[in-house]
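Reading through the structure tokens given below for one structure.
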Amino acid sequence: MNTPIDLFIMFRIKSVVDQSPNKPVLRLHKSLLQNHPDGDNSSENIRVSAIDVKLALRDTFGLEMMENELMLMIKPFDEIGDDCCTVNDFIRSINGGLLGNRLTIVKEVFGMLSGNRNHILLKDVLSKFNPLGHPRVKSGELDSERVFREFSGEFERDRPDGVIESIEWEYYYAGLLFSKRMEEMMEEFNNIE
């Protein structure tokens, strides 16, 4: 996703998802899986089309999108040319996408924290979270308490059960990495003479 149109579409969906209550990422995930016969299998392998995504966004959030708009988000993740992508790739794309080594690292950390289950408890994550290693704390830009509050606040919202599913973890880190890329792009733009 590199064009302004792609970003506009992504931000349109992201704003609805991020402002919705009651674990919106999980609700969208479930909606995308419910119409597939193998929906109980790993969502890493279940592929969805623009029509599937259109219906899930409408049913979950009341958001109406055109299929050609959604294809712009699906195409970068369509590795086999069937105009589809995996459920998880689409959800991560809403928050900027997560591929390659970065996705591997995010999954490995989740696996270590969860004991390779599909969920972790927020209290367990917070007990291991050390904001002193955060780059913005190291640079002096932010204090460690603020980083801790921002991190915990992201997962405490709409989470009375304290459970974080793997797709929510990946969505969060896709957004962090996307924000960092956007900051770098803006810095480059500001340095153009």
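- Closest approach of G97 to F77, counting heavy atoms only: CA-CZ, 4.4 Å.
- Taking CD1 of I167 as the start and CZ of F90 as the end, the distance is 11.0 Å to the nearest 0.5 Å.
- Rounding to the nearest 0.5 Å places CD of E69 at 4.0 Å from CE of M66.
- Neither L55 nor V87 shares a network with the other; the hydrophobic side chains, linked directly or stepwise wherever heavy atoms of I, L, V, M, F, W or Y lie under 4.5 Å apart, form separate groups for each.
- In this structure, F148 and F129 have tilted ring planes: the angle between them lies in the 30° to 60° band.
- Counting non-hydrogen atoms of other residues, nucleotides and ligands closer than 6.0 Å to CD of E150 gives a total above 12.
- Using modelled atom types, one finds a donor on one side chain and an acceptor on the other under 3.5 Å when comparing Y171 with D18.
- Without hydrogens or angle criteria, N95 side chain to A174 main chain gives no donor-acceptor distance under 3.5 Å.
- In terms of heavy-atom proximity, L70 sits nearest to A50 at CD1-O, 3.5 Å.
- Counting only distance, with no hydrogens or angles, the side chain of R117 and the backbone of G111 share no donor-acceptor pair below 3.5 Å.
- Side-chain contact, S49 with D52: a donor N or O sits under 3.5 Å from an acceptor N or O.
- What you find for N88 and H29 is that their closest heavy atoms are OD1-NE2, 3.1 Å.
- When each of V16, T60, I94, V17 is tested with P24 by the rule side-chain contact (heavy atoms from CB on, under 4.5 Å), just one qualifies, namely V17.
- Remark: L121 CG is packed, more than 12 non-hydrogen atoms of other residues, nucleotides or ligands lying under 6.0 Å away.
- The minimum heavy-atom distance between V163 and E168, with the atom names listed, is O-OE1, 4.0 Å.
- A continuous path of ILVMFWY side-chain contacts below 4.5 Å connects M112 to I120, so both sit in one hydrophobic cluster.
- Between C85 and I74 the shortest heavy-atom distance is N-CG2, 3.8 Å.
- Checked by atom type and distance alone, the side chain of R58 never pairs as donor or acceptor with a backbone atom of L63 at under 3.5 Å.
- Residue S20 comes nearest to F61 through the heavy atom pair OG-CD2, 3.3 Å, listed as atom of the first residue, atom of the second, then distance.
- No chain of hydrophobic side-chain contacts below 4.5 Å, direct or via other Ile, Leu, Val, Met, Phe, Trp or Tyr residues, connects M73 to I51.
- Side-chain atoms of D78 come within 3.5 Å of backbone N or O of D83 as a donor-acceptor pair.
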